[in-house]
Amino acid sequence: MNIDLLKGIALFVILLLVQVLVLNHIHLFGFATPLLYMYVALIFRRNYPRWGILLWCFVMGLAIDIFSNTPGMAAASMTLLGFLQPYILQPFTNRDTPDDFEPSLRQMGPAKFLWYAAICVFVYCLVFFTIEDFSFFNPLYWMGSVVGSSLLTFIFVLVIENFRSK
């Protein structure tokens, strides 16, 4: 087996367990929940097949849905993020970047990676909480959930990326 595939599976399982066993029970100020499992979608290398990104993201979302009792919300949000990830990554890479380029803090530099991660996290949280509320009856709660969870998830992504880059 390919070592990168084994690393990907290990990261998948670790993020799934951390989200289900720990992070799903954190509700900062009553509405901000870290959604760290979306980190899986951030780190696909540049030439990874699009069907593979969609499949990995859908399976991660489905596993989160099964263990978190969120019927289809994480699967739909992760699949959309998996679809958008190559398009979001494209402006932050140069044309002469190698095809096996993997987005990371070390390879992209702090500014580009921070913007890339912030956009992906915000898009994911926006879609996830829009599907969760499915109405704009309480827009302040929805906005608080999107912004609070985005900030919390972004901080966790930076912590993981900092440990991963060392």
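Residue indices begin at 1 and follow the sequence shown. These numbers come from a predicted model, not from an experiment.
- In terms of heavy-atom proximity, Ile64 sits nearest to Ala74 at CG2-CB, 3.8 Å.
- Using a distance-only test at 3.5 Å, with no hydrogens or angles considered, no donor-acceptor pair links the side chain of Asp65 to the main chain of Pro71.
- By the 30° and 60° cut-offs, the orientation of the rings of Phe31 relative to Phe29 is tilted.
- Here the CD atom belonging to Glu161 is positioned 10.0 Å from the CG atom belonging to Leu114, to the nearest 0.5 angstrom.
- In this structure, CG in Asn138 is found 9.0 Å from OG in Ser145, a value given to the nearest 0.5 Å.
- By the criterion of side-chain heavy atoms lying less than 4.5 angstrom apart, applied directly or through intervening Ile, Leu, Val, Met, Phe, Trp or Tyr residues, Phe83 is grouped together with Met78 in one hydrophobic cluster.
- For Trp56 and Phe12, the distance between ring centers is under 6.0 angstrom.
- Leu140 is not connected to Val147 by any chain of hydrophobic side-chain contacts under 4.5 Å among Ile, Leu, Val, Met, Phe, Trp and Tyr, and they are in different clusters.
- Taken to the nearest 0.5 Å, the CZ atom of Phe44 stands 4.5 Å off from the SG atom of Cys57.
- Between the side chains of Tyr48 and Glu102, no donor-acceptor pair of N or O atoms lies under 3.5 Å.
- Residues Leu151 and Met38 do not share a hydrophobic cluster, defined by chaining ILVMFWY side chains whose heavy atoms lie under 4.5 Å apart.
- With ring centers used as reference points, Tyr124 lies under 6.0 Å from Tyr37.
- Inter-residue side-chain proximity for Leu23 and Thr33 is flagged as unmet; no heavy-atom pair is nearer than 4.5 Å.
- The distance from atom OG1 of Thr79 to atom CG of Leu55, rounded to the nearest 0.5 Å, is 9.5 Å.
- The side-chain contact (heavy atoms from CB on, under 4.5 Å) with Phe129 is formed by just one residue from the set Ser150, Ser149, Ser77; it is Ser149.
- Atom-to-atom distance recorded for Leu105:CG and Leu158:CG is 7.5 Å, nearest 0.5 angstrom.
- The closest side-chain heavy-atom distance from Tyr39 to Val121 is not below 4.5 Å.
- Residue pairs meeting the side chain to side chain donor-acceptor pair (under 3.5 Å) criterion with at least one partner in residues 6-20, sequence neighbours excluded, are Gln19-Asn24.
- Heavy-atom contacts from other residues, nucleotides or ligands closer than 6.0 Å to CG of Asn69 number 12 or fewer.
- Under the 3.5 Å distance criterion, with hydrogens and angles disregarded, no donor-acceptor pair is assigned to the side chains of Arg164 and Asn162.
- Of all heavy-atom pairs between Glu132 and Met73, the closest is CA-SD, 3.4 Å.
- Summarising the geometry, atom CD1 belonging to Ile53 is positioned 10.0 Å from atom CG belonging to Leu81; distances are rounded to the nearest 0.5 Å.
- When each of Ile14, Leu15, Val13 is checked for a side-chain contact (heavy atoms from CB on, under 4.5 Å) with Leu17, only Val13 meets the rule.
- With contacts defined as side-chain heavy-atom distances shorter than 4.5 Å, the pair Ile119/Phe92 qualifies.
- Counting all heavy atoms, side chain and backbone alike, Ala117 lies closest to Leu42 at CA-CD2, 4.3 Å.
- No side-chain heavy atom of Ile43 sits under 4.5 Å from any side-chain heavy atom of Ser104.
- Checked against side chain to side chain contact (heavy atoms under 4.5 Å, CB included), Phe101 has the following partners two or more places apart in sequence or in another chain: Arg46, Leu89, Thr93, Thr97, Gln107, Met108.
- Between the side chain of Thr153 and the main chain of Leu36, no donor-acceptor pair closer than 3.5 Å is present.
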